[in-house]
Amino acid sequence: MVDPNDTTSLEYWMNLKFLLCSIWVFGSILIALFLIWRYEGSHHSKTYKETTRLERDWDSYDREAWMPCVKEIHPAWLLAFRIVAFCLLFIASTADVVKVGTDLFYYYTQWTFTLVIFYFAFGSLLSAYGLFWQHKMLTVCSLDVDAQQAIYEPLNHEDLENASRQQGGSCFLQSAAFWGYIFQILFQITAGATMLTDSVYWLVIVPFLTINEYPMNFLTVLAHSLNLVFLLGETALNSLRFPWFRISYFIFLTAFYVIFNWIVHACVQTWWPYPFLDLSAQNAPLWYLIVAVLHLPCYYIFALIVSIKYRVLARWFPESYQCL
């Protein structure tokens, strides 16, 4: 007799529950692909005005990656914050892996935590490169700025862009714009995934599953709180946008995680990192649907936070905030 919980058997997968769960997962992927096709890029622009706006948006990606949202805040402060966040998160993650082992990487939480660490490492590099380029342009082009002003007052990035083009720096700007574009997508994926993991942990796992399957400890609590704290601090400082359709990339991450677990369990009989992923559970399709729907509030609550930030800055700092 075949064990119904044997994930390596064909009977485990050939049923209505797996079909419904597959529809939720691959249906979400198709929706995400449509949103990217419809809204990402400039190939759908119909007018010169729209094309010009999209080109201007592309040119702004490079400075979005390292310029704070308020001109009075020097970019070095954002760099310092990112370095501190990276170091603390890396230490916390390393301690958790040393204590528990590499099995942690079966969890979506660890995927998200690693993504946050990579985000701050990548952001630190872009901030450092942006500061270096800013300093280089000021030195090479000898902008007509008083020495004291150069230290204490914000720099006009448009002047730097014009100067860099005159010095043959357009290739750098194009490259920086590309990496700034990737960094913005990474920010949106990270924000959505962090909101999802922390929400599921505090609203589902802690109240209902902690006693039996998920004992709480300091490192576990840290992994489900420190990432969001630093990400909110990053959001308060940076000038990155948060387009609604970029939820697509967040959906891709979760779908890839689910499919990865399906492939692993189809090949090897092993434990499920989350009980609601187990397809043998009676309510598995319902759990999959609930988690899929949770992507919407998790992403758009964070988008609302970003929107409120810019509204507050526009009201309190109308002359100095940088909504790019």
Side-chain angles (χ1 to χ4, degrees), residues 56-90 116-167 169-188 190-191 229-242 305-306 309-314 316-324:
R56 186 174 64 250
D57 289 345
W58 178 258
D59 288 339
S60 70
Y61 281 130
D62 66 310
R63 64 181 184 272
E64 281 184 333
W66 56 274
M67 292 289 285
C69 56
V70 178
K71 293 179 182 178
E72 283 77 11
I73 301 177
H74 196 280
W77 286 108
L78 181 57
L79 170 61
F81 178 84
R82 287 172 172 173
I83 292 175
V84 170
F86 165 75
C87 292
L88 292 179
L89 290 170
F90 182 78
V116 176
I117 294 172
F118 178 75
Y119 169 83
F120 281 111
F122 191 22
S124 298
L125 290 175
L126 291 179
S127 288
Y129 204 18
L131 284 171
F132 166 77
W133 187 256
Q134 186 184 63
H135 176 72
K136 180 180 178 181
M137 286 302 98
L138 283 173
T139 303
V140 172
C141 302
S142 301
L143 295 176
D144 192 16
V145 178
D146 181 79
Q148 289 292 68
Q149 270 189 320
I151 297 176
Y152 294 108
E153 291 189 3
L155 297 166
N156 187 324
H157 192 85
E158 285 70 21
D159 289 342
L160 291 178
E161 285 185 346
N162 293 333
S164 65
R165 289 189 176 96
Q166 294 173 6
Q167 295 295 323
S170 59
C171 291
F172 167 83
L173 290 176
Q174 292 175 4
S175 176
F178 170 76
W179 290 115
Y181 168 75
I182 298 299
F183 183 65
Q184 185 181 108
I185 291 176
L186 183 62
F187 173 62
Q188 289 135 13
T190 303
V229 170
F230 279 121
L231 207 56
L232 288 173
E234 163 76 12
T235 304
L237 287 173
N238 70 30
S239 57
L240 296 176
R241 290 167 288 177
F242 212 86
I305 292 173
V306 175
K309 178 191 88 168
Y310 282 122
R311 289 178 182 273
V312 170
L313 291 176
W316 290 0
F317 307 96
E319 301 297 328
S320 61
Y321 96 104
Q322 303 185 104
C323 182
L324 301 170

Might you work through the side chain to side chain contact (heavy atoms under 4.5 Å, CB included) test for F187 and F242, ending with a clear yes or no?
CA-CA 9 Å; F187 173 62; F242 212 86; 3.6 Å; yes
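- How far CG of N238 is from CG of L78: 6.5 Å, rounded to the nearest 0.5 Å.
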Worked check of ring pair (Phe, Tyr, Trp, His ring centres under 6.0 Å) between F90 and F120
CA-CA 10 Å; F90 182 78; F120 281 111; over 10 Å; no
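- Taking OG1 of T190 as the reference point, atom CD1 of I185 lies at 11.5 Å (rounded to 0.5 Å).
- Atom OG1 of T235 and atom CG of L231 lie 5.0 Å apart (nearest 0.5 Å).
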Walk me through it: do Y119 and F183 pass the test ring pair (Phe, Tyr, Trp, His ring centres under 6.0 Å)?
CA-CA 8 Å; Y119 169 83; F183 183 65; 4.6 Å; yes
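- Taking every heavy atom of both residues into account, P75 and M67 meet most closely at CG-SD, 4.1 Å.
- Here the shortest heavy-atom pairing between I117 and L89 reads CD1-O, 3.6 Å.
- Distance check: Q184 CD to L186 CG gives 11.0 Å after rounding to the nearest 0.5 Å.
- Between the side chain of Q188 and the backbone N or O of R241, at least one donor-acceptor pair lies under 3.5 Å.
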Are L232 and K309 close enough, and set up right, to give a side chain to side chain contact (heavy atoms under 4.5 Å, CB included), and what steps lead you there?
CA-CA 11 Å; L232 288 173; K309 178 191 88 168; over 6 Å; no
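- No close placement of the F230 and F86 rings is indicated, their centers lying 6.0 Å or farther apart.
- Atom CZ of R82 sits about 10.5 Å away from atom CG of L125, to the nearest 0.5 Å.
- For the atom pair CG of L126 and CH2 of W66, the computed distance is 11.0 Å after rounding to the nearest 0.5 Å.
- Taking all atoms of both residues into account, the shortest heavy-atom contact from S127 to A65 is OG-O, 4.2 Å.
- What you find for S239 and C69 is that their closest heavy atoms are CB-CA, 4.0 Å.
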